[in-house]
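Let me begin by presenting the structure, written as structure tokens, before commenting on it.
Quick note on labels: first sequence line is chain A, next is B, and so on, each numbered from 1.
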Amino acid sequence: MEKTFNPQAIEQELYQSWETKGYFKPSGQGTPYSIMIPPPNVTGSLHMGHAFQDTIMDTLTRYKRMQGNNTLWQVGTDHAGIATQMVVERKLAAEEGKTRHDLGRDAFIDRIWDWKKESGGTITKQLRRLGASVDWDRERFTMDDGLSEAVKEVFVRLHKEDLIYRGKRLVNWDPKLHTAISDLEVENKDKKGFMWNFRYPLADGVKTKDGKDYIVVATTRPETMLGDTGVAVNPEDERYIDLIGKDIILPIVGRRIAIVADEHADMEKGTGCVKITPAHDFNDNEVGKRHQLDMINIFDKDAAILTQGETYSFNGKEIAFDAPIPERFHGLDRFAARKLVVSEFDDLGLLEEIEDHSLTVPYGDRSGVVIEPLLTDQWYVRTAPLAEPAKKAVADGEIQFVPKQYENMYNAWMNDIQDWCISRQLWWGHRIPAWYDNEGNVYVGRDEAEVRAENNLAADLELKQDEDVLDTWFSSALWTFSTQGWPENTDDLKTFHPSEVLVTGFDIIFFWVARMIMMTMHFIKDEDGKPQVPFKTVYVTGLIRDENGDKMSKSKGNVLDPIDMIDGIDLESLVTKRTSNLMQEKVAKKIEKTTRKTFEKGIEAHGTDALRFTLAAMASTGRDINWDMNRLEGYRNFCNKLWNASRYVLMNTEEHDCGFNTDGHTPEMSFSLADRWILGQFQHTVKTFSEHVDNYRFDLAANTAYEFTWNQFCDWYLELTKPVLFKGDEAQQRATRHTLVTVLEGLLRLMHPLMPYITETIWQSVAPLAAIDTTKADSIMLQAFPEFDASKVDELAMADLDWVKQFIVGIRNIRGEMDISPNKPLNAFIKNAEPEDARRLTANQQFLQGLAKLESINVLTASDEAPVSATAMVGNMEILIPMAGLIDVEAELARLNKNIEKINKDLQRVQGKLSNDSFVSKAPPAVIEKEQAKLAEMEAALAKLAEQKATINAL
RNA sequence: GGGUGGUUAGCUCAGUUGGGAGAGCAUCGCCCUUACAAGGCGAGGGUCACUGGUUCGAGCCCAGUACCACCCA
């Protein structure tokens, strides 16, 4: 073995061997256990969040596989409609100067498939680097034939059940991408802006109570006034009560509009009068419906002003009335139109005031432009009926959120769920299975032939398929069952559905988790007709942020690539990577500067296992996880520690008799205290570790493994084997070798789910020593996960070794604080040894002398005169190290005083407690006894320390 | 405006039904000891955000305040 752990040398080869041998496939035996991967974008690349979640999924999968389950981790990708289309459009523009319209729909889609072929491998390669034990033969893609079939089937069935409908409604329109987006894809940002107060002249000579011939409306969007069809006042507002039902002449366009009474108008806010633009504001749209106000659309698809308003009645039916827009506005962008409207109001003397105002502005999360509410024809899923069973499943505990608090988030959203706009004006995605005749009638079916047959349409009737595609999340919502072959009732579906746990970030609980629950429960039923949940547990991870707690994003230039954590990257490459494809030169400069500062020497290679262990160790219940390179480094060191500990074990066991090759006779073995102790300690570790994994506390599981490996196995046990291996007899050596191999082999299996590569590599050398038959299963990943065995816990050995540790630490303490070299052998005297101490002393001479580097240990009888010494205590027993020539008086006095002070502080607190009557009368007896015992112990210790101090003082 | 989460050592974070404040990293001292200097041994470091309450006893339970983050309108 190399002296230092070198992950690069082992990882990829190992993965390939696992994969080609088919070890990731379900075994076909045992209780099924399945996890469906949240499909990443097919043309995307892995970020830290993926690495985090994939680590957890792989850990669970490997853990369950080793426990004998029939384990499937289903892998696949989604087509990421808008994101992918945008990438290809940009590429097309950059390389050929063309738009998708230049190519046409079919040719453009071919280009996307080309791009998918070219870049689609990135993410799967990265998954492999992480060690993901997914069954690649079952890889699925949301746009492949089977899943497209499922999408179509779901659409048609939902439509038949009246759960999908088409309607002209106000949607979030992205004027840059020219598509509707769902409200979840809208990012609301707080902005500073203005509130414009306009005078709207009253018609027919009507005057307000205070004698004005106008009322004042306030707006943050002046340009929409071109489409106003009403003004609302509160029905209880005394100021305007007489004006209800009267009209206003809308300036600039000269249209006559009505004043209506509506609760929406807030008397406290502004003037209490609100202009109503039902075609361009969600609230106004509601008001418009209540008062049957017409709607006038004034924007085209680019959110520029039309030449003529498009007019609709309140219920979305087209109606013909004239809604002219002055020519000077034609084709103006909404923001230019805003300026012009304001200046015209000013010129007309109708601009009353401009106030500063902070407002929330909706932005498209993909395009970054301001979203425009626009009247368009879209397809919707009627969510209310679907939400009921989905809510119930969570309320009844059929689906559990971990951590539990996310249930609130889910419930809050589900209780106020809106219909889901599923159509997108894109080319990349599942084309909506709906056809139109020239009369505008719409027919939904699996294909055109079915549509004709079902509706008795003449063969020569012209039909055109809907141009739009479905929201990517629509297909993702079917993921758990569409990947298993639905709508066929396949064996896979029966075996692996419902899946066990969904591992995902809280940011997509609404986008995906809730919708998946709704869709799955609607379509997948048990044999007795009971709806099946898609998964029993939703494990919600935190979001990985950068070292300053900022969200990682390309535009901030603080993104970390998990592969760079594994392989390392030099500073120049990192800077290039972070600053390429940025819109602004200025931003690039800034990113370069901070990158150079944060990663002065680039990033070192740490290996997959260290990365995985770090991610697991950070997986606590919090919502944010700040990435910390120092921790990654710490866990790389941990890998190295494990590596070297194994090296020590192998050096001392290979080519030796380890007591395993029994062939009939039992070789003589006499196990040391340390052997018995570490075996018990390991059992505890197995128990705790498994409990933590079962409870999805990967941070605690990782800590447990770390603590045992480093602080018990390496720091104590390996050191304790040295005296035996160097000086013990054959039976003792054999027993210790046996224990070394046993514990290491078990430890490797324990940690394999977290750190697959290093454990497999070492295990390959250790397994033969432990006489494990590897002919059937030549990989650690197919071995059994360690199980807790109470019979291997020797409580006396645990207590005895604890005593040994205290003894050794006592001596080390004196050395440390007195600056005595660890190499200098010391003579120790023992005072006040009780029979139990005496037994332990005799039994463990070798350990004590070896690890505390003692030349001699002499037990003093009561009559013996003790030399002037530095003292350490184990219970009531005192360990004395003679000071002569080693320790100066002042130093030992200082040390004693420090100890006395420390104990005194504790003592006072305990005394206070015990002298408090209400404590003694009300606290449980066990607690009181504990306190009393503590008090006695401290008093005894203090007495001895005082005695020591007196002795030294007397010099 | 409504809601959720957070505030514990210099940094990143654990802290189970309320009963002696923990880890890793960083810092300081000693050591190249025959697995490991990516190491060993030892040490220092905390008003558990603040105020009040419940309790014999509060980092933990309750109420309020401040600040930070996120979600929703």
Mind checking whether [X] and [Y] have side chains closer than 4.5 Å, heavy atoms only?
{"X": "M629(A)", "Y": "F599(A)", "value": "yes"}
{"X": "F689(A)", "Y": "L754(A)", "value": "yes"}
{"X": "S646(A)", "Y": "L744(A)", "value": "yes"}
{"X": "I762(A)", "Y": "V649(A)", "value": "no"}
{"X": "Y717(A)", "Y": "Q712(A)", "value": "no"}
{"X": "Y635(A)", "Y": "Y706(A)", "value": "yes"}

Could you measure between the two [atom1] atoms, the one in [N] and the one in [M], and give it in whole Å?
{"N": "C50(B)", "M": "C11(B)", "atom1": "C1'", "value": "23 Å"}
{"N": "G22(B)", "M": "G59(B)", "atom1": "C1'", "value": "12 Å"}
{"N": "A58(B)", "M": "G42(B)", "atom1": "P", "value": "34 Å"}
{"N": "G64(B)", "M": "U27(B)", "atom1": "P", "value": "44 Å"}
{"N": "G44(B)", "M": "C25(B)", "atom1": "C1'", "value": "16 Å"}
{"N": "A9(B)", "M": "A26(B)", "atom1": "C1'", "value": "11 Å"}
{"N": "C28(B)", "M": "C61(B)", "atom1": "P", "value": "38 Å"}
{"N": "G46(B)", "M": "G10(B)", "atom1": "P", "value": "7 Å"}

For this session: Quick one: do K934(A) and E937(A) satisfy salt bridge (Lys or Arg N to Asp or Glu O under 4.0 Å)? Show the steps, please.
Result: CA-CA 5 Å; K934(A) 236 188 301 182; E937(A) 200 182 310; over 6 Å; no

Exercise. For RNA chain B, what dot-bracket results from Watson-Crick or G-U pairs at under 3.5 Å, with [ ] for crossers and | for inter-strand partners?
Worked result: (((((((..((((.....[..)))).(((((.......))))).....(((((..]....)))))))))))).

Nearest-angstrom distance from the residue atom [atom1] of [X] to [atom2] of [N]:
{"X": "R815(A)", "N": "G40(B)", "atom1": "CZ", "atom2": "P", "answer": "18 Å"}
{"X": "L543(A)", "N": "G5(B)", "atom1": "CG", "atom2": "P", "answer": "17 Å"}
{"X": "N626(A)", "N": "U7(B)", "atom1": "CG", "atom2": "C1'", "answer": "13 Å"}

Value rounded to 0.5 Å, distance of [atom1] in [X] from [atom2] in [Y]:
{"X": "T621(A)", "Y": "K404(A)", "atom1": "OG1", "atom2": "NZ", "answer": "14.5 Å"}
{"X": "W420(A)", "Y": "R515(A)", "atom1": "CH2", "atom2": "CZ", "answer": "4.5 Å"}
{"X": "L907(A)", "Y": "E901(A)", "atom1": "CG", "atom2": "CD", "answer": "13.5 Å"}

Problem set entry | Parallel, tilted or perpendicular, as decided by the 30° and 60° cut-offs, for the rings of Y696(A) and Y539(A) |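 The arrangement is parallel - the two ring planes meet at less than 30°.
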
For this session: For the residue pair W512(A) and W473(A), categorise the inter-ring angle as parallel (less than 30°), tilted (30 to 60°) or perpendicular (more than 60°).
Result: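 Tilted: the ring planes of W512(A) and W473(A) meet at 30° to 60°.
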
Problem set entry | Comparing V920(A) and T4(A) on RNA chain B - which has the more 5′ nearest nucleotide |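 The residue closer to the strand's 5' end, by nearest nucleotide, is T4(A).
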
With 3.5 Å as the limit, what N/O pairs link the protein to nucleotides 68-73 of chain B?
none

Problem set entry | Contact letters for nucleotides 24-37 of chain B, in which S counts primed atoms plus P, OP1 and OP2 and B counts the base, heavy atoms under 4.0 Å | SS---S---B-BBS

Problem set entry | Ring-ring centroid check F682(A) F713(A), cutoff 6.0 Å |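 No, they do not, as the ring centres are separated by 6.0 Å or more.
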
Problem set entry | Output field: ring centroids Y406(A)/F401(A) closer than 6.0 Å |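 No.
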
Exercise. Should the pair R895(A)-E892(A) be classified as a salt bridge under the 4.0 Å nitrogen-to-oxygen rule?
Worked result: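 The answer is yes: the pair qualifies as a salt bridge.
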
Exercise. Under 4.0 Å between a Lys/Arg side-chain N and an Asp/Glu carboxylate O for E263(A) and R290(A)?
Worked result: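 Looking at E263(A) and R290(A), the cut-off is not met.
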
Output one line per pair: protein atom, nucleotide atom from nucleotides 43-48 of chain B, and distance, for all N/O pairs under 3.5 Å.
unit_1	atom_1	unit_2	atom_2	d
A43(B)	OP1	N813(A)	OD1	3.3

For this session: Kindly write out the residues that satisfy ring pair (Phe, Tyr, Trp, His ring centres under 6.0 Å) with Y363(A), not counting sequence neighbours, or none if the list is empty.
Result: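 Y363(A) satisfies ring pair (Phe, Tyr, Trp, His ring centres under 6.0 Å) with no residue once adjacent residues are dropped.
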
What protein N or O atoms touch nucleotides 14-22 of chain B N or O atoms at under 3.5 angstrom, if any, and at what distances?
unit_1	atom_1	unit_2	atom_2	d
A14(B)	OP1	S620(A)	OG	2.4
A14(B)	O3'	R697(A)	NH2	3.3
G15(B)	OP1	R697(A)	NH1	3.0
G15(B)	OP1	R697(A)	NH2	3.2
G20(B)	O2'	R909(A)	NH2	2.8

